[in-house]
Amino acid sequence: MFRKTATPSIPKGEELIQAIDALRRERKAVILAHYYQESDIQDIADFIGDSLQLAKAARDTDAEVIVFCGVHFMAETAKILNPERVVVLPDLRAGCSLADACPAEELAAYREAHPDHLVVSYINCTAATKAQSDIICTSSNAVRVIDSLPEDRPILFAPDRNLGAYLQRQTGREMDLWQGTCIVHETFSEKRLLELKAEHPDAKVIAHPECEPPILAYADHIGSTSSLLRFTQESGFTKFIVATEAGILHQMQRHNPSATYIPLPGQDESCSCNECPFMRMNTLEKLYLCLRDLEPRIEMAEPVRLAALQPLERMMDLG
Ligand code: 13P
Ligand code: SF4
């Protein structure tokens with residue numbers, strides 16, 4: 001006769017929050033969350049930030065365990081910077097369309113065909129792709145990164161063609177652009193944006209540079225998630241049409257509750273296309289399970305980690 005081993009059940013409601021809190025202390029863990037995570041996860045996190053802020057928080061932590069509530073490339077970045085710490089991601093399937101668009105082998109083939117080019121990779125790529133790059137950037141520091149490169153070297157920017165085109169306009173540098181896109185930011189509707197602007201003539205349009213050029217053309221402010229958040233707090237304006245993933249609205253409302261925020265919908269208004277399906281794979285229940293089981297973990301081969309660390313450190317050294 002088989003005896004069934006009972007699987008401990010997952011607590012619910014307030015008990016779930018308390019259990020996560022107790023496990024976090026027991027495991028000496030830090031919970032890092034991106035602004036695109038669901039509100040409950042943002043509320044329980046030790047630190048919330050954009051890609052650059054989270055990479056820095058991961059680099060500087062002395063916690064034994066890093067629970068990364070974001071997507072796979074972000075947790076991988078934490079592991080590249082922290083080989084000795086346990087890094088867990090609530091759902092290992094939380095990927096990214098930009099990371100998928102630029103496999104390391106294809107980038108290696110490009111490099112071979114263009115040995116004179118410097119390769120700048122957006123942090124939204126795998127560790128293996130980072131390992132094929134000269135320097136990494138995020139949406140917060142991309143202009144600074146491009147400006148730091150020698151003027152006589154041609155550049156490939158990968159994998160986001162929209163951020164790349166925006167950077168060409170900002171820096172005046174011609175670059176080869178990899179043709180990746182973010183499935184959330186490429187979906188925003190220009191028609192809906194014009195309708196919303198007509199309905200709310202006093203609203204400022206704020207947009208992430210991953211958006212397509214026709215959306216960026218209407219933006220009063222373009223920046224990373226942390227830059228958009230700062231603009232809603234410091235600009236003095238009180239109404240915003242927000243062209244980025246809708247998770248950021250939680251912090252906007254928290255920090256400046258008297259302002260009005262209108263999330264720009266995608267072209268198909270019947271879906272929640274302005275929510276990243278990868279980011280939303282993480283849930284409080286999965287967060288609890290990964291703290292309890294210390295699984296699923298991010299692991300990578302040491303040669304890949306060391307090769308990815310170099311371009312990442314070049315970015316970090318720029319400040
Ligand atoms: P930032 O966190 O740099 O604003 O990038 C947004 C994003 O799409 C992360 O996946
Ligand atoms: Fe990737 Fe876009 Fe999701 Fe960010 S929002 S993780 S860029 S798919």
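Counting convention: from 1, in listed order, for ligands and their atoms alike.
Shown in contact with T225 at under 4.0 Å from a heavy atom are these atoms of ligand 1, numbered in order with element: 1 (P), 2 (O), 4 (O). Less than 4.0 angstrom separates some heavy atom of Y122 from each of these atoms of ligand 1: 5 (O). Heavy-atom contacts of L98 reach the following atoms of ligand 2: 7 (S) (cutoff under 4.0 Å). Residue-ligand proximity, S224 to ligand 1, at heavy-atom distances under 4.0 Å covers atoms 4 (O).
Within the structure, ligand 1 lacks Y35 among the residues with a heavy atom less than 4.0 angstrom away. Ligand 1 lies less than 4.0 angstrom from a heavy atom belonging to H208.
From the protein, the heavy atom lying nearest to atom 1 (Fe) of ligand 2 is C96 SG, 2.4 Å. The protein non-hydrogen atom at the shortest distance from atom 7 (S) of ligand 2 is N124 ND2, 3.2 Å. Here the protein heavy atom with the shortest distance to atom 9 (C) of ligand 1 is M74 CE, 3.6 Å. Considering only non-hydrogen protein atoms, atom 2 (O) of ligand 1 sits nearest to H34 NE2, 2.7 Å. Atom 2 (Fe) of ligand 2 has as its closest protein heavy atom C182 SG, 2.3 Å. Among all protein heavy atoms, the one lying closest to atom 10 (O) of ligand 1 is N124 ND2, 3.4 Å. Of the protein's heavy atoms, E210 OE2, 3.0 Å lies nearest to atom 8 (O) of ligand 1. The nearest protein atom to atom 3 (Fe) of ligand 2, hydrogens excluded, is given as C276 SG, 2.4 Å; this is a heavy-atom distance. Nearest to atom 3 (O) of ligand 1 among the protein's heavy atoms is S139 OG, 2.7 Å.
A donor and an acceptor atom, one from each side chain of S51 and T138, are nowhere located under 3.5 Å apart. A donor atom on one side chain and an acceptor atom on the other are not found under 3.5 Å apart for R230 and Q233. For the 3.5 Å distance criterion, the side chains of E190 and Y218 qualify, holding a donor opposite an acceptor.
On a distance-only criterion, S51 and ligand 1 share at least one N/O pair closer than 3.5 Å. For the pair S140 and ligand 1, the shortest N or O to N or O distance does not fall below 3.5 Å.
Heavy-atom neighbours of E84 CD from other residues, nucleotides or ligands within 6.0 Å: above the threshold of 12. Annotation: E112, atom CD; neighbour count of heavy atoms from other residues, nucleotides and ligands within 6.0 Å does not exceed 12. By the neighbour-count criterion of 12 heavy atoms within 6.0 Å, atom CD of E199 is densely surrounded, having more than that number from other residues, nucleotides or ligands. Heavy atoms from other residues, nucleotides or ligands lying under 6.0 Å from NZ of K239 number more than 12. Within 6.0 Å of the CG atom in D62, the count of heavy atoms belonging to other residues, nucleotides or ligands does not exceed 12.
One N or O on the side chain of N274 and one on the backbone of L264 form a donor-acceptor pair closer than 3.5 Å.
For atom 8 (S) of ligand 2, the candidate residues are A99, P277, G95, S97; the nearest heavy-atom contact is made by S97.
With respect to the salt-bridge test (charged N to carboxylate O, under 4.0 angstrom), the residues R280 and E245 qualify.
Considering D50, T225, T244 as possible partners of Y36, the one that fulfils the side-chain hydrogen bond (donor to acceptor under 3.5 Å, both in side chains) test is T244.
Only side-chain heavy atoms of E210 come within less than 4.0 Å of ligand 2; its backbone N, CA, C and O stay farther off.
Ring geometry for H221 against F231 counts as parallel: the plane angle stays under 30°, on a 0 to 90° scale with 60° as the upper cut.
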